[in-house]
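Contents: one structure, followed by commentary.
Since the structure is predicted, the reported quantities are computational estimates derived from the model, not experimental observations. In this chain, residues are counted from 1 in sequence order.
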Amino acid sequence: MARVAGSVAAVVTAVVVTGQAQSKYPFGTPTPETPQPSSTVKAVTGSRAQGWPSQGRSEVLARNGIVTTSDPLAAQAGLDILKRGGNAIDAAVAAGAVLDVTSQNDTGIGGDLFVLVWSAKDKKLYALNSGGWAPAAWTPGYFASTLKVKSVPNSGVNSASVPGAISGYDALLKRFGTMTFKETFETAAQLADDGWGLAERRHADLRSAVSGLKNDPDSAAAFLENGQAPPLYSVIRNPGLSKALRLIQAQGRDAFYKGDIAKAIVAKMAKDGGAMTLDDLATFQSEWVEPISTNYHGYDVFELPPPGQGLAVLEMLNILEVCAPKLGVNLAELGPMSPMYWHVVVEAKKLAYADLHAKNADPLFTSIPVKELTSKAYAATLCGRIDLKHAAKPAVRGGTDGGTIFLTTADRWGNMVSFVHSVFSVYGSRATVAPYGFVLHNRGSAFSLDPGSPNIVAPHKRPFHTIIAGFVMKDGQPRMTFGNMGGSVQPETHVQHMLNLIDHGMNVQMTTDVARFTHNQDRNVLSLEQNLFALVGDALKEKGHDVRAVDGGAVGGYQGILFTPDPRLPAPSLDPKSTRPINGVYRAGSDHRKDGEAVGW
């Protein structure tokens, strides 16, 4: 009996010890003191059984259609549209609309959008500029004399230009879609009513924006609970936004630009001292423009034209292709483990961004030498400005932060969509339009008040825009859609992905799982993700770079789809009723730094 009693005592002791040793946050459950408990975990990552051991997940492969976004709910919404017979354009609108509900930290119907569309029927790449313009009252004098400020505000109603997103959705559906707002907005409207779970990254952004949102009673009512961010994994609802989406379903774009939503926007402006009018909204239209491109090592890389940052991508690629050999550098041989590799890429970035910040603006108001800046001949004139031993100071400074979403879709007919959409800063202007529960972007803050700047504010002018979408073709055939959200980060990361994919042979998931840099052109600070900093940080400091270690939040978020054709298969049918899969395989990747995923069928 004594032995039995001793055994029982031992078991009891073990139970007590186990109870004391368990985590304070079982299953990652947050507490008020520790709102994101995963940050307390100490562990190392596992390794894959094949390929590159550090790749976070496999590519997603599909033949009938594929969607990749920064939110699983948005990706699934797009996929549902494809399964119901919609095309890639319909799917992109549906996915974007869900992000407008779940991700107002980054985007929303109060923001702008830009798109590259490959039309399988036309065998042509189209570009849509749906960046909103400045109110008619916006002049340098309005800000200097009426508002008595020295720069366009970064928040509040006087940072908001006309939102272009709904006009952009409308333009896409009318030109290339097979569905309407009724079908493509349904999931988003239902989700806004029913509610969704608050994921880690969006929770972190919301917590960072609390003080700004509290300054606007309408924002506090829409996004906060008792003046604070709701807890991680909370169910969030936005019935006001659902009402706005239902109005657009019933009345189309006019609900936003001429109807009740337009009146609510103008009422918000009037209440808070803004200048936007009903006429500013009613007369706005999206613009179909021509993509710009360069050839990099045999692949044609396409970008959106000004006022977006696409020209910097092309100039940077040209500098690397033309100048690296002249400097005796082979980027493919050096690879991303080499300090010299990063030095050359960063120096090329400084040169391209100097031209970007000196010359980029709305081309309807300013002549921009895009052909010259994106030519190989111009790149050759810059080679002498790269010193392999020393880091240079940027000739022209500048730069903007920003939150954005990038999504991309492709379908069985061969249509492909590269889609970028944003409210600019985290929660945009932090001014919310009641009773419709959406925040206005603060894109107007990208304007300059400098009389010498091509980006000086003017009535119905579009500001310098950070958001861009990328596309790759080979021998005239579509190959890849790609993009990387994140303000000024976008051109330099577009280039890093092209180097990874073309020069280093990475797949479309691996390119985003490797470490990236970002360089602040204004402060001349080079930021490297932590593992990259540990590898090359000291060597780059020796060359004169001001180097910092950062987490993944600094380098934005990527999504990409690659089409791999199979020459044995017949070309895809263009019959809208066709159920035949694409003549090959779509391969997609999604950034682990965000909350999203790639999905296909």
Practice prompt. List the steps and the verdict of side-chain hydrogen bond (donor to acceptor under 3.5 Å, both in side chains) for Arg412 and Ser573.
Written response: CA-CA 8 Å; Arg412 63 164 70 101; Ser573 170; over 6 Å; no

Fill in: Test log, rule side-chain hydrogen bond (donor to acceptor under 3.5 Å, both in side chains), inputs Thr564 and Arg479
CA-CA 7 Å; Thr564 303; Arg479 284 296 174 262; over 6 Å; no

Fill in: salt bridge (Lys or Arg N to Asp or Glu O under 4.0 Å) evaluation trace for Lys389 with Asp387
CA-CA 5 Å; Lys389 294 182 179 179; Asp387 185 335; over 6 Å; no

Worksheet item: Can you list the steps and then say if Asp300 with Tyr296 is a side-chain hydrogen bond (donor to acceptor under 3.5 Å, both in side chains)?
Response: CA-CA 6 Å; Asp300 294 312; Tyr296 182 73; over 6 Å; no

Worksheet item: Does the pair Gln509 and Asp513 meet the rule for a side-chain hydrogen bond (donor to acceptor under 3.5 Å, both in side chains), with working shown?
Response: CA-CA 7 Å; Gln509 180 61 47; Asp513 289 342; 3.1 Å; yes

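Here the closest heavy-atom approach between residue Ile405 and residue Ser70 is recorded as CG2-OG, 4.0 Å. When all heavy atoms are compared, the tightest approach of Arg48 to Arg57 is NH1-C, 3.5 Å. Counting all heavy atoms, side chain and backbone alike, Thr187 lies closest to Ala77 at CG2-CB, 4.0 Å. Of all non-hydrogen atoms in Gly584 and Phe563, the two that sit nearest each other are CA-CE1, 3.9 Å. Here the closest heavy-atom approach between residue Pro37 and residue Leu232 is recorded as CD-CD2, 4.3 Å. Looking at every heavy atom in both residues, Leu388 comes nearest to Lys543 through O-NZ, 2.8 Å.
Note: Asp112 CG to His441 NE2 = 4.5 Å, rounded to the nearest 0.5 Å. Distance check, rounded to the nearest 0.5 Å: CG of Leu317 to CG of Asn295 gives 10.0 Å. Distance CD/Glu347 to SG/Cys383: 13.0 Å, rounded to 0.5 Å. The OG1 atom of Thr178 sits 7.0 Å away from the CH2 atom of Trp413 when rounded to the nearest 0.5 Å. Taken from CE in Met498 to CG in Leu320, the straight-line distance is 13.0 Å, to the nearest 0.5 Å. A distance of 11.5 Å separates CD1 in Ile66 from CD1 in Ile582, rounded to the nearest 0.5 Å.
Asn484 places a side-chain N or O within 3.5 Å of a backbone atom of Val555 that can act as its donor or acceptor partner. Not one N or O on the side chain of Ser103 forms a donor-acceptor pair closer than 3.5 Å with the backbone of Asp100. Between the side chain of Thr184 and the backbone N or O of Ala94 there is no donor-acceptor pair closer than 3.5 Å. Side-chain atoms of Gln521 come within 3.5 Å of backbone N or O of Val396 as a donor-acceptor pair. Checked by atom type and distance alone, the side chain of Asn415 pairs as donor or acceptor with a backbone atom of Ala120 at under 3.5 Å. Remark: side-chain polar atoms of Asn105 are not paired, donor with acceptor, to backbone N or O of Val426 under 3.5 angstrom. Between the side chain of Lys124 and the backbone N or O of Ser119 there is no donor-acceptor pair closer than 3.5 Å. With hydrogens and angles disregarded, no donor-acceptor distance shorter than 3.5 Å links the side chain of Thr68 to the backbone of Thr408. Here the side chain of Asp595 pairs no donor or acceptor atom with the backbone of Asp71 at under 3.5 angstrom.
Crowding of Tyr378 atom OH: a count of heavy atoms from other residues, nucleotides or ligands under 6.0 Å exceeding 12. Counting non-hydrogen atoms of other residues, nucleotides and ligands closer than 6.0 Å to NZ of Lys474 gives a total above 12. Sparse packing is recorded around CG of Asn531, with 12 or fewer heavy atoms of other residues, nucleotides or ligands lying under 6.0 Å away. Around the CZ atom of Arg523, the shell of radius 6.0 Å holds no more than 12 heavy atoms that belong to other residues, nucleotides or ligands.
Met480 is not listed as a side-chain neighbour of Ser418, based on a closest heavy-atom distance of 4.5 Å or more. In this structure, Arg587 and Ile561 have side chains that are not in contact, with every pair of non-hydrogen atoms separated by 4.5 Å or more. The shortest distance between side-chain heavy atoms of Ile386 and Ile319 falls below 4.5 Å. Counting only heavy atoms from C-beta outward, the side chains of Gln490 and Ile467 approach each other to under 4.5 Å. For the pair Val313 and Gln309, the minimum side-chain heavy-atom distance is 4.5 Å or more. A 4.5 Å side-chain heavy-atom check between Ser38 and Glu200 finds at least one atom pair inside the cut-off. Contact annotation: the side chain of Pro306 never approaches that of His465 to less than 4.5 Å [non-hydrogen atoms, C-beta and beyond]. A heavy-atom distance below 4.5 Å is not found between the side chains of Leu128 and Val117.
With 3.5 Å as the limit, one finds no donor-acceptor pair spanning the side chains of Thr69 and Gln559. Judged by distance alone, the side chains of Asp591 and Thr512 do bring a donor and an acceptor atom under 3.5 Å apart. Asn318 and Lys376 are linked by a side-chain donor-acceptor pair at a separation below 3.5 angstrom, with hydrogens and angles left out of the test. Residues Ser286 and Ser130 bring a donor and an acceptor atom of their side chains to less than 3.5 Å of each other. In this model, a donor atom of one side chain and an acceptor atom of the other lie less than 3.5 Å apart for Asn507 and Gln55. Side-chain contact annotation: Asn500 with Gln496, donor-acceptor N/O pair under 3.5 Å absent. Between the side chains of Tyr586 and Asn64, no donor-acceptor pair is found at a separation under 3.5 Å. Remark: the Tyr558 side chain and the His592 side chain contain no N/O donor-acceptor pair separated by less than 3.5 Å. In summary, the side chains of Lys123 and Gln477 do not present any donor paired with an acceptor at a separation below 3.5 Å, with no hydrogens or angles considered. In summary, the side chains of Thr518 and Glu492 do present a donor paired with an acceptor at a separation below 3.5 Å, with no hydrogens or angles considered. For the residue pair Thr404/Asp106, the side-chain donor-acceptor check at 3.5 Å is not satisfied.
Salt-bridge formation is not detected for the pair Glu529/Arg516: no Lys NZ or Arg NE/NH1/NH2 atom is positioned less than 4.0 Å from an Asp or Glu carboxylate oxygen. With respect to the salt-bridge test (charged N to carboxylate O, under 4.0 angstrom), the residues Arg84 and Asp80 do not qualify. By the 4.0 Å N-to-carboxylate-O rule, Lys326 lies too far from Glu321 to be salt-bridged with it.
Taking the ring pair (Phe, Tyr, Trp, His ring centres under 6.0 Å) definition, one finds that Phe464 meets it with His357, sequence neighbours left out. Considering only residues two or more places apart in sequence or on other chains, Arg397 meets the salt bridge (charged side-chain N to carboxylate O under 4.0 Å, His left out) condition with none of them.
Taking the ring centroids of Phe406 and His494, they lie at or beyond the 6.0 Å cut-off. Taking the ring centroids of Trp288 and Phe114, they lie at or beyond the 6.0 Å cut-off. Ring centroid separation for the pair Tyr169 and His421 comes in under the 6.0 Å cut-off.
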